[in-house]
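Have a look at the structure below, then the notes.
The structure presented is a predicted model; accordingly, all values stated were derived computationally and were not measured. Throughout, numbering of the chain's residues begins at 1 and tracks the sequence.
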Amino acid sequence: MKKINGLNRGINLGGWLSQCVHTQEHYASFITEEDFARIAQMGFDHVRLPIDCEVIEAHDGTDRPAGYGFIDMAVKQSAANGMKLIIDLHKAYGYDFNDAGDAERNNLFTNETLQERFMSMWEKLAQHYGTCEHVFFELLNEVVETENNDAWNTLVEKVIARIRAIAPQRPIIYGGIMWNSASTLKLLRKPIFDNVIYTFHFYEPLIFTHQKAPWVKNMDMEKTVNYPADMDYYRAHSAQLGNQGETAVRSEAQTMGEEFIAKLMQEAIDAAEAADVPLYCGEFGVIDRAPVEDTLRWFVDMDNTFRRFDIGCAVWSYKKMDFGIIDEHYAPIYDRLLATWFRK
């Protein structure tokens, strides 16, 4: 499998320019230049920067130069601190993974006007950052619905062609459906362009990594889920989550841990090898409601598996967002986490 230069261990800046209160005051205070310096000092070699469409473009289609200014700062500071930067369009006009299944709100794939707007936005981003050698472009955070698979494949090819006309050298990242599931990369068409990277997200078993999360349908808000435990335990508790729990329910792994993780990642690896592209994990993490020592065990198993397959990754997330690595919940294991991620 092909390798990626510069995307070994990274961290997401969730909650800054995405999934947030969209005000200039928030943008200016949530992340500052000092945070980029701290991230580099922690040992990370890249940052994944989620942005929502309204940061750089108003609902009426006019540009927002001030929004570009914050991305400019991220581009400048990542370079100044020796890090790569992934610009991830987390939300587009007409598509937000938070509205998965809502055909009225998520109509990007059935609306040609919105598709043109999506491609035009990427052309603008390419014009701004297409010559920045340390910048990667990620087309759209998470497409969820299975019925959008074919339309997503088609849109990927169209938007890459538009980006390539402006920024022929920028690496372009994208994933499959079902929240960037490792198992759906095989549904992507083989790329017709060079310098493409496949991505997947990994939060399995979801019943552990998202325990007590109010946004997960049918999640038990009172139950503490441990890691590891036997597979029957996870299958039984994951079944309540419906399609979001199916990965654990259907797993053929006999043990929870590196065996379970590796079997899931192998599906992504097989797809990337078949497409002859590198593979990258853009998100993985554990909610701050999980037992902290169990969280550390999960991260160790994840890191061992990433190392086994030589896969670069970015943890979710730097601060707040219920997953903040620098927040109080993680304090008891913070030093051990960094020692795990950056061990020689």
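One finds a salt bridge joining Asp99 and Arg105 here, because a Lys/Arg side-chain nitrogen approaches an Asp/Glu carboxylate oxygen to under 4.0 Å. Checked for salt-bridge contact, Lys2 and Glu273 miss the test: no charged N lies under 4.0 Å from a carboxylate O. A salt bridge is defined here as a Lys NZ or Arg NE, NH1 or NH2 lying under 4.0 Å from an Asp or Glu carboxylate O, and Arg297 with Asp301 fails to meet this definition. Ion pairing of Lys124 with Asp63 is present here, as a side-chain N (NZ or NE/NH1/NH2) and a carboxylate O approach within less than 4.0 Å. The pair Lys190-Asp276 does not count as a salt bridge, with every side-chain nitrogen at least 4.0 angstrom from each carboxylate oxygen. Here Lys320 does not pair with Asp327 in a salt bridge; the nearest charged N to carboxylate O distance is not below 4.0 Å. Salt bridge status for Lys76 with Glu33: absent, with no side-chain N to carboxylate O gap under 4.0 Å.
Here Ile160 contributes atom CD1 and Arg170 contributes atom CZ; the two are 14.0 Å apart, rounded to the nearest 0.5 Å. To the nearest 0.5 Å, atoms OH (Tyr318) and CD1 (Ile325) are separated by 11.5 Å.
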Inset, instruction - Decide yes or no on ring-ring contact (aromatic ring centres under 6.0 Å, His included) for Phe208 and Tyr203, but give the supporting numbers first. - result: CA-CA 8 Å; Phe208 171 71; Tyr203 292 103; over 10 Å; no
Inset, instruction - For Arg308 and Glu258, run salt bridge (charged side-chain N to carboxylate O under 4.0 Å, His left out): C-alpha distance rounded to whole Å, both residues' side-chain angles, the deciding distance at 0.1 Å, then the answer. - result: CA-CA 10 Å; Arg308 172 181 169 186; Glu258 291 183 41; 5.6 Å; no
Inset, instruction - Check the pair Arg64, Glu57 against salt bridge (charged side-chain N to carboxylate O under 4.0 Å, His left out), reporting the backbone distance first and the verdict last. - result: CA-CA 5 Å; Arg64 287 177 163 161; Glu57 187 175 291; over 6 Å; no
Legend entry - Worked check of salt bridge (charged side-chain N to carboxylate O under 4.0 Å, His left out) between Asp220 and Lys212: CA-CA 6 Å; Asp220 187 336; Lys212 304 176 185 177; over 6 Å; no
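Placement of Trp298 and Tyr330 within a single hydrophobic cluster is found when ILVMFWY residues are connected by side-chain heavy-atom separations under 4.5 Å, directly or transitively. Phe200 and Ile173 are assigned to two separate hydrophobic clusters, defined by single-linkage of ILVMFWY side chains at heavy-atom distances under 4.5 Å. Under the 4.5 Å side-chain heavy-atom criterion for ILVMFWY residues, a single connected hydrophobic cluster contains both Ile163 and Val196. Cluster annotation: Ile4 is not connected to Ile87 through the hydrophobic network of ILVMFWY side chains, with a link wherever side-chain heavy atoms come within less than 4.5 Å. Leu241 is connected to Met231 through a chain of hydrophobic side-chain contacts under 4.5 Å among Ile, Leu, Val, Met, Phe, Trp and Tyr, so both are in one cluster.
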Compile the donor-acceptor pairs under 3.5 Å between side chains in residues 244-256 and protein atoms, sequence neighbours left out, one pair per line.
unit_1: Ser251; atom_1: OG; unit_2: Ala253; atom_2: N; d: 3.1
unit_1: Gln254; atom_1: NE2; unit_2: Glu252; atom_2: O; d: 3.2
unit_1: Thr255; atom_1: OG1; unit_2: Glu259; atom_2: OE1; d: 2.5

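If you check the side chains of His90 and Gln19, you find a donor sitting under 3.5 Å from an acceptor. Glu157 and Asn153 form no side-chain donor-acceptor contact under 3.5 Å, judged by distance and modelled atom types alone. Donor-acceptor pairing under 3.5 Å is recorded for the side chains of Asn226 and Asp294. Between the side chains of Asn218 and Gln240, no donor-acceptor pair of N or O atoms lies under 3.5 Å.
By the 6.0 Å contact criterion, CD on Glu293 is enclosed, its count of non-hydrogen atoms from other residues, nucleotides or ligands being greater than 12. When the shell of 6.0 Å around CZ of Arg189 is examined, it contains more than 12 heavy atoms from other residues, nucleotides or ligands. More than 12 heavy atoms of other residues, nucleotides or ligands shown are found within 6.0 angstrom of CG on Asp102. Other residues, nucleotides and ligands contribute at most 12 non-hydrogen atoms within 6.0 Å of the NZ atom of Lys217. For Lys158, the NZ atom counts as loosely surrounded, since its 6.0 Å shell holds 12 or fewer non-hydrogen atoms of other residues, nucleotides or ligands.
Ring orientation note: the planes of Phe118 and Trp152 are nearly perpendicular, at an angle over 60° on the 30°/60° scale. Classified by interplanar angle (parallel below 30°, tilted 30° to 60°, perpendicular above 60°), the ring pair His210/Trp215 is perpendicular. In this structure, Phe44 and Trp341 have tilted ring planes: the angle between them lies in the 30° to 60° band.
The two residues Tyr27 and Cys20 come nearest to each other via the heavy atoms CE2-SG, 4.2 Å.
By the 6.0 Å and 45° rule, Lys319 stacks over the aromatic ring of Phe30.
By the side chain to side chain donor-acceptor pair (under 3.5 Å) test, Asp72 pairs with Tyr129, sequence neighbours left out.
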